[in-house]
2 protein chains.
Amino acid sequence: MFSKACEYGIRATIYIASQSRKERRVGIKEIAAFIDSPAPFTAKILQQLVKNRIIDSVKGPNGGFEIPKDRIFQICITDIVRAIDGNEIFSSCVLGLDNCSEAMPCPVHAEFRSIRAELKSLMDNTCVATLSEDLVKGKSFLKV
Amino acid sequence: MFSKACEYGIRATIYIASQSRKERRVGIKEIAAFIDSPAPFTAKILQQLVKNRIIDSVKGPNGGFEIPKDRIFQICITDIVRAIDGNEIFSSCVLGLDNCSEAMPCPVHAEFRSIRAELKSLMDNTCVATLSEDLVKGKSFLKV
DNA sequence: AATAAAAAGGATAAAAAGGTCTAAAAATCT
DNA sequence: AGATTTTTAGACCTTTTTATCCTTTTTATT
Ligand code: FES
Ligand code: FES
């Protein structure tokens, strides 16, 4: 469904959010350890998220990654996925045709139409605040 | 969502089904041309489908690929996906955790639970007969 | 029996995804 | 100012996916 990079990106963002709620900035090593991902690769992905204004970074001692509190409520899964995997999952044909359209639909187009819309709406409406809340409460996990 | 191999596999199966309805056996070159896929790669994928008893193959002159008529109504998308991509899409964690379970759910587990069930049921209930019907009627397409 | 047509099998190549490493840049602290 | 900590940037490596090619096997036809 998502690329590995995107999976790590979502997990990292949720962890950063959970710590930003407590006014804690976190470094790449801590993030990678907590979400159980390869640190250098994860660093690359976080750079993309910084460029896309999903998360903020601060260099130097006591630096790290953080998300301003208000933005935690604004960032949805869609934003993260778009920043890393692009728009493909939402717009491209399930069977790999060059264009997905009502005019030249593939055989499964109609069948997948509503489920894709639901997926989109789910991802649009699920914000990082909600996701990090369960994590803080110990009701959800980011590794194993 | 699916691998390229799986996309080609589904498209090829639908085309073979559309021709088997007319008692026509089709060769790899014809299939690849019709679904606009690389022929040698598609041939490899069809071998997997033969091994998994999704389609039948006949060697020698006038040979090719076909699907017994009754089986056209039994094969669902799930069968093809399982044969090529395996069970991952149905059972593995959306965020890439080692196990997807209710006991140790990732932060998006609950959100994705119902949509994944819907996806599964959709794929279970969509048979190749239905998909090839639209194609025969010119209502759906397998390339461009 | 010989020939030709078609899939099956195996070896190889190219491209993309996934992952590592090191040096540079920026910021803080002493 | 210098040392230290941390992100950033880019080059590099490895594995997996995608794709090609050539040989072998099977089967129908002549
Ligand atoms: S054309 Fe295939 S999903 Fe729309
Ligand atoms: S644990 Fe992540 S989807 Fe179930």
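We name chains A, B, ... by the order of the sequence lines, and we start the count at 1 in each one.
- B:P38 comes within 4.0 angstrom of sugar-phosphate atoms only, judged by non-hydrogen atoms across all strands, and of no base.
- For the segment residues 14-34 of chain A, no residue has any heavy atom less than 4.0 angstrom from an atom of DNA chain C.
- Each of B:G64 and A:T42 lies near DNA chain C, and the nucleotide nearest B:G64 is the one positioned closer to the 5' end.
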Please list, for nucleotides 24-30 of chain C, all pairs of protein and nucleotide N/O atoms separated by less than 3.5 Å.
{"unit_1": "C:dA26", "atom_1": "O4'", "unit_2": "A:K59", "atom_2": "NZ", "d": "3.3"}

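- Atom CD of B:Q48 is separated from atom C1' of C:dA8 by 13 Å (rounded to the nearest Å).
- In terms of heavy-atom proximity, A:F90 sits nearest to A:K120 at CD2-CD, 3.5 Å.
- Atoms CG (B:D56) and P (C:dA6) sit 18 Å apart, rounded to a whole Å.
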Taking it one step at a time, do A:N62 and A:R25 satisfy side chain to side chain donor-acceptor pair (under 3.5 Å)? CA-CA 8 Å; A:N62 296 315; A:R25 204 177 271 163; over 6 Å; no

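- A donor-acceptor contact shorter than 3.5 Å links the side chain of A:N52 to the backbone of A:Q48.
- When rounded to the nearest whole Å, the span between CZ of B:F41 and C1' of C:dA7 equals 18 Å.
- Remark: A:E133 does not engage A:K139 in a salt bridge, criterion side-chain N to carboxylate O under 4.0 Å.
- Between B:D36 and B:R11, no side-chain nitrogen of the basic residue sits less than 4.0 Å from a carboxylate oxygen of the acidic one, so the salt-bridge criterion is not met.
- The side chain of B:S57 contributes no N or O atom lying less than 4.0 Å from OP1 or OP2 of C:dA6.
- Protein chain B touches strand DNA chain D; the 5'-most and 3'-most nucleotides with an atom under 4.0 angstrom of its non-hydrogen atoms are D:dT18 to D:dT29.
- Atom pair A:R11:CZ and C:dG18:C1' shows a separation of 14 Å (rounding to whole Å applied).
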Decide yes or no on side-chain contact (heavy atoms from CB on, under 4.5 Å) for A:C93 and A:C106, but give the supporting numbers first. CA-CA 8 Å; A:C93 172; A:C106 74; 3.7 Å; yes

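- Here the side chain of A:S91 pairs a donor or acceptor atom with the backbone of A:N87 at under 3.5 angstrom.
- At C:dG19, one or more side-chain N or O atoms of A:Y8 fall inside 4.0 Å of OP1 or OP2 (strictly under the cut-off).
- Salt-bridge formation is not detected for the pair A:R24/A:E66: no Lys NZ or Arg NE/NH1/NH2 atom is positioned less than 4.0 Å from an Asp or Glu carboxylate oxygen.
- With rounding to whole Å, B:K44 atom NZ is found 15 Å from C:dA13 atom P.
- Ring orientation note: the planes of B:F2 and A:F112 are nearly perpendicular, at an angle over 60° on the 30°/60° scale.
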CA sep, side-chain torsions, deciding dist, call: A:F65, A:Q19, side-chain contact (heavy atoms from CB on, under 4.5 Å): CA-CA 10 Å; A:F65 299 90; A:Q19 298 305 301; over 6 Å; no

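- When all heavy atoms are compared, the tightest approach of B:E111 to A:T126 is CG-OG1, 3.9 Å.
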